[in-house]
Chemist: 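Following this message is one structure expressed as structure tokens.
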Amino acid sequence: MITAQAVVYAQHGEPKDVLKTHKYEIDDDNLDSNSIIVKTLGSPVNPSDINQIQGVYPSKPEKTTELGSSEPIAVCGNEGLFEIVKVGKNVSNFKEGDWCVPSAVNMGTWRTHMLCGSEEMTKIPNPEQSKANGKPNGLSINQGATISVNPLTAYLMLTHYVKLTPGKDWFIQNGGNSAVGKYATQISNLLGINSISVVRDRENLQELIKDLTEECGATKVITEEQNASKEFGSEIKSWLKETGGEIKLALNCVGGKNSTGIARKLSNNGLMLTYGGMSMQPVILPTSLHIFKNITSSGFWVTQLLKNDMELKRKTLNQIIEWYENGQLKDAPSKETKFNSNDDLSKYYIDGIVNSKGGKQLIVY
Ligand code: NDP
């Protein structure tokens with residue numbers, strides 16, 4: 001028997017009020033032939049996990065009594081990295097020691113162990129396998145645990161909708177310092193696309209600009225004030241002139257005036273994809289941009305895009321894995337906290353949620 005812990009909620013609400021630890025047993029001596037048992041290597045706290053607990057996220061896990069609870073509960077967390085500890089006798093796609101990530105969302109990744117069907121997990125190479133395949137690097141726990149959402153989001157937004165010509169064209173984004181934003185910057189750099197990242201002003205702005213340009217390969221980094229300034233528009237036009245390209249794509253995770261600013265920079269027929277709303281303000285778009293520049297404003301939700309397209313998910317995952325293995329892509333760093341199995345698991349994630357305002361939190365096991 002494996003004694004497992006999971007962070008669960010029975011009612012939606014503020015995480016500190018509704019999260020608790022549920023302990024349950026997994027019978028590893030009587031494993032169903034098509035099932036697998038995995039242990040968690042790491043799972044992050046993402047903004048959508050918090051919204052899900054609060055009950056304000058459209059995709060929600062079903063609450064059940066499957067884990068032996070007295071009332072229906074749901075296990076928190078959507079992303080994570082797992083290692084196979086046992087496979088059923090008919091399972092051919094996994095063996096002990098393999099690494100995997102959930103094939104879909106809502107699997108409940110904030111837990112120590114999971115019993116699931118083998119098709120519910122997608123294999124990714126563990127470091128020994130990468131090495132055996134002649135790759136210079138194996139994936140780190142952070143890279144594996146955060147691979148399913150942010151890098152895929154960045155890659156798909158940059159490649160799936162608008163054809164950007166390498167060496168010429170540009171995209172603009174706000175939230176340039178977000179995890180998704182940093183992936184988008186690095187990936188655009190790998191694809192030869194020019195980028196403008198809008199960031200909030202801060203005391204160490206020059207340090208941030210240096211980091212985004214030198215470490216992530218951002219072409220240009222501007223502040224929210226510059227994004228809002230009419231005068232600064234001529235500076236941006238001069239950058240475009242240098243490459244002979246256009247800003248055909250805007251990525252918006254902030255909303256409010258910030259989104260107006262980036263939409264204004266789009267060329268005729270440009271597209272703005274809204275994938276987040278960090279300022280909690282609505283997207284504001286001047287009528288003239290629609291009529292005279294024919295810009296399109298659309299939403300992006302990685303969950304919905306990949307839900308019924310496993311082939312696109314596998315293809316995108318493979319590309320991100322390859323860049324990680326070749327050392328071409330850096331993961332957005334997380335603050336890692338190691339779980340001590342004598343402790344109460346929910347406390348780690350409740351602290352992680354509080355601390356996530358200061359950067360991405362990853363609980364490692
Ligand atoms: P991070 O926690 O890494 O970053 C959050 C970013 O938001 C930071 O850059 C922060 O700026 C910025 N920010 C916070 N509040 C404000 C504000 N009031 N005004 C301007 N900027 C603000 O987040 P992630 O990269 O994990 O996620 C970013 C967004 O993308 C979230 O909304 C998330 O839900 C969404 N998302 C959506 C997906 C989809 O499929 N639709 C998939 C993945 C993520 P600063 O550095 O200045 O603090």
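Order of listing sets the numbers, starting from 1, for every ligand and every atom in it. Position 1 is the first residue of the sequence, and the numbers go up from there.
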Chemist: Is I172 reachable from F232 through a run of hydrophobic residues whose side-chain heavy atoms are each under 4.5 Å from the next?
Modeler: yes
Chemist: So is there a nitrogen or oxygen of V180 less than 3.5 Å from a nitrogen or oxygen in ligand 1?
Modeler: yes
Chemist: Mind checking whether R200 has an N or O less than 3.5 Å away from an N or O of ligand 1?
Modeler: yes
Chemist: Please list the nearest protein heavy atom to atom 40 (O) of ligand 1 with its residue and the distance rounded to 0.1 Å.
Modeler: V302 N, 2.7 Å
Chemist: Report yes or no: is the cationic atom of K248 (NZ for Lys, CZ for Arg) closer than 6.0 Å to the six-membered ring centre of W170, at no more than 45° off its axis?
Modeler: no
Chemist: Which residue and atom name correspond to the protein heavy atom nearest atom 35 (C) of ligand 1, and how close is it?
Modeler: Y275 O, 3.6 Å
Chemist: Check each of R202, Q281, Q361, K357 against atom 47 (O) of ligand 1 and report the one with the nearest heavy atom.
Modeler: R202
Chemist: Any chance CD of E311 has more than 12 other-residue heavy atoms, nucleotides or ligands included, within less than 6.0 Å?
Modeler: no
Chemist: Would K347 and D351 pass as an ion pair if we require N to O under 4.0 Å?
Modeler: yes
Chemist: Any idea which of N150, T153, L306 brings a heavy atom closest to atom 44 (C) of ligand 1?
Modeler: N150
Chemist: Is K86 reaching over with its side chain to a backbone N or O of D28, donor-acceptor style, under 3.5 angstrom?
Modeler: yes
Chemist: Heavy atom under 4.0 Å from ligand 1: found in E224's side chain, backbone, both, or neither?
Modeler: side chain
Chemist: I'd like a table of donor-acceptor pairs (distance under 3.5 Å, sequence neighbours excluded) in which one partner is a side-chain atom from residues 199-207, with atom names and distances.
Modeler:
unit_1, atom_1, unit_2, atom_2, d
R202, NE, R200, O, 3.1
R202, NH2, R200, O, 3.1

Chemist: Atom 9 (O) of ligand 1: which protein heavy atom is closest, and how many Å away?
Modeler: S178 N, 3.1 Å
Chemist: Any donor and acceptor pair, going by atom type alone, linking the side chain of H22 with main-chain N or O of V7 inside 3.5 Å?
Modeler: no
Chemist: Using modelled atom types and a 3.5 Å cut-off, is there a donor and acceptor pairing between side-chain atoms of T112 and backbone atoms of Q5?
Modeler: yes
Chemist: Just need the protein heavy atom nearest to atom 32 (O) of ligand 1, so name the residue and atom and give the distance.
Modeler: M278 SD, 3.1 Å
Chemist: For atom 26 (O) of ligand 1, what is the closest protein heavy atom, and at what distance to 0.1 Å?
Modeler: K360 NZ, 2.8 Å
Chemist: State, with a plain yes or no, whether a side-chain heavy atom of L31 is found less than 4.5 Å away from one of L115.
Modeler: yes
Chemist: Return the residue, atom name and 0.1 Å-rounded distance of the protein heavy atom closest to atom 34 (O) of ligand 1.
Modeler: P47 CB, 3.7 Å
Chemist: For V149, take its heavy atoms, then give the atoms of ligand 1 lying under 4.0 Å from any of them.
Modeler: 42 (C), 43 (C)
Chemist: Which heavy atom of the protein is the closest neighbour of atom 20 (C) of ligand 1, given with residue, atom name and distance?
Modeler: V254 CG1, 3.4 Å
Chemist: Testing the 3.5 Å rule here: is there a donor-acceptor pair between the side chains of D343 and Y348?
Modeler: yes
Chemist: What about S356: any of its N or O atoms under 3.5 Å from an N or O on ligand 1?
Modeler: no
Chemist: Which residue and non-hydrogen atom of the protein lie closest to atom 3 (O) of ligand 1, and at what distance in Å?
Modeler: A179 N, 2.9 Å
Chemist: Give yes or no for whether the N/O distance cutoff of 3.5 Å, strictly under, is met between N258 and ligand 1.
Modeler: no
Chemist: Tell me the closest heavy-atom pair linking C76 and L19, and the distance in Å.
Modeler: SG-CD2, 3.5 Å
Chemist: With heavy-atom distances below 4.0 Å as the criterion, list the atoms of ligand 1 near G276.
Modeler: 32 (O)
Chemist: For ligand 1, which atoms, with element, lie under 4.0 Å from some heavy atom of F300?
Modeler: 39 (C), 40 (O), 41 (N)
